[in-house]
Amino acid sequence: MLQIFNTLTRKKEKFEPVTPGIVHMYVCGPTVYNYIHIGNARSAIAFDTVRRYLEYRGYKVKYVSNFTDVDDKMINAARENHTTVGAIADKYIAAFMQDTAALNISSDVIHPRATENIPEIIDFVKTLVDNGSAYNVDGDVYFRARKFPSYGALPHINVDQLEIGASQHVSQEEMAKKEDPIDFALWKKSKGDEISWESPWGKGRPGWHIECSVMSTKYLGKTIDIHGGGEDLIFPHHENERAQSEAKTHQTFVKYWMHNGFVTIGDDNEKMSKSLGNFITVHDLLKHLDGQVIRLLMSTTHYRRPIQYSDASVQEAKSNLKKLQTAFNNLTYRLHNAESGDDPKTDQEVRQIVADFTDAMDDDFNVQNGIAAVYELAKFANTYSERSVVFQLSIQFIINTLKQLAGIFGIKLEQSELKDDEIWKLIHERESARKNKDFIRSDEIREELKARGIVLEDTPQGTRFRKEQQ
């Protein structure tokens, strides 16, 4: 039985989607004014892993993740670069798609942009004004937060505490406009020549929170199954989404709220963020590090726990990736001389490991115990591949299982470039050279393959190869 920790209730709950067999999932995406850093990537990877496991369990997942392509940061970036907000957005959305592809994040995602949904945003805000949940002050539209009975429930904060905090962070000018310090902006009046749209309240642009309510309900319906994002979004962003959505629809907005932990950096475990200036972009990281290493590092820590990014954690991920690839290559090699048929005892042992994996992942996506089962399968695969007699059907069963379970973490074990006919030809030529004691030619072939990123390993079962990690 799959259970998910719900941030709203602060307990694990049995997962039961609104529509049996179908999961509607919304994850807050980046503000596209720069390259994503590994903190952004952590959220994308964590929820892609959740999505992959739900699909493994037989669910059909409809997944939406937005691009915030208009806000103060976007406007400032456009001014600094002497270009348009749209040009900045286009550049960094393209970079996002390229970076996430390298991290093997599924491309089967709906990526709406705020600027493409302005009419729907205006209609949403108008409904809130009409039903008394929001009010207009000289072109700025605010949501009456205190009118929403359970406001503060998601972050588990008392409304009076929110009022004290708001009074410390809101300008005197904005305080004078608001009916209540905790009210938040749905629509912002245009300032000068910044990007804007016509609306019933004059020229302006959306507030930050409204876009996600509009796009999630547009693509997924009034009640969605899972809403995910970083824990820094719990308040105010997700609580404001919840309030404005339910004030409009009068229905539960989200069944299961899920939030991932931060990525920290340095000995003091400081949160990585663009605002702190201590971030590492995925774009730069991929120049010298295999995306699969980053993926394994990020996907094998429980999503609610923080990840400390360090040289040591990267080296550990490299080692673990090599462990999985070596097991896969060992099995693939033994298919060449395996006996026909299967080994029922071996198959049963594999099924038990799969059952352990499922038990772990059903417990709020416990990836640390889940990947432990995968490493156990890799260890079993290595032991089996060293037997003098192995069976084709059992080897294929282990291969398929290892690929499937590793794939839930976004890890691809098949390396198509290693199957190139030219490489196989060189390996066979090297074997012939060694038999003929032509060690000069043998060494030349080894070095030639090494230059192409292929590392040869001579074992009692024959020569094997693997892709050298960056």
Verify, without hydrogens or angle tests, whether [X] (side chain) and [Y] (backbone) share a donor-acceptor contact under 3.5 angstrom.
X    : Y    : answer
S319 : Q315 : no
T19  : I22  : no
E246 : F253 : yes
S299 : F409 : yes
D48  : I105 : no

> So with a 6.0 Å cut-off around CG of D311, is the heavy-atom count from everything else above 12?
Replying inline: no
Using a strict 4.0 Å threshold on nitrogen-to-oxygen distance, state whether [X] and [Y] make a salt bridge.
X    : Y    : value
K12  : D363 : yes
D362 : R57  : yes
K255 : E13  : no
D343 : R387 : yes
D356 : R351 : no
K318 : D290 : no
E349 : K345 : no
D284 : K287 : yes
R52  : E55  : no

Should the pair [X] and [Y] be assigned to parallel (<30°), tilted (30 to 60°) or perpendicular (>60°) ring geometry?
X    : Y    : answer
F15  : Y59  : perpendicular
H336 : Y333 : perpendicular
F365 : Y53  : perpendicular
F47  : Y303 : tilted
Y151 : F235 : perpendicular
H111 : F96  : perpendicular

>> Quick check on the 6.0 Å ring-centre criterion: do H209 and H238 meet it?
In response: no
> When you look at N117 and K218, which way does the side-chain hydrogen bond (donor to acceptor under 3.5 Å, both in side chains) test go after all the steps?
Replying inline: CA-CA 10 Å; N117 290 272; K218 175 180 178 178; 2.7 Å; yes
> Judged by modelled atom types alone, do T7 and H259 share a side-chain donor-acceptor pair under 3.5 Å?
Replying inline: yes
> Hey, mind stepping through E231 and N260 against side-chain hydrogen bond (donor to acceptor under 3.5 Å, both in side chains) and telling me if it holds?
Replying inline: CA-CA 6 Å; E231 63 181 40; N260 64 272; over 6 Å; no
>> What I'd like to find out is whether the side chain of T401 reaches to under 4.5 Å of the side chain of L405, using heavy atoms alone.
In response: yes
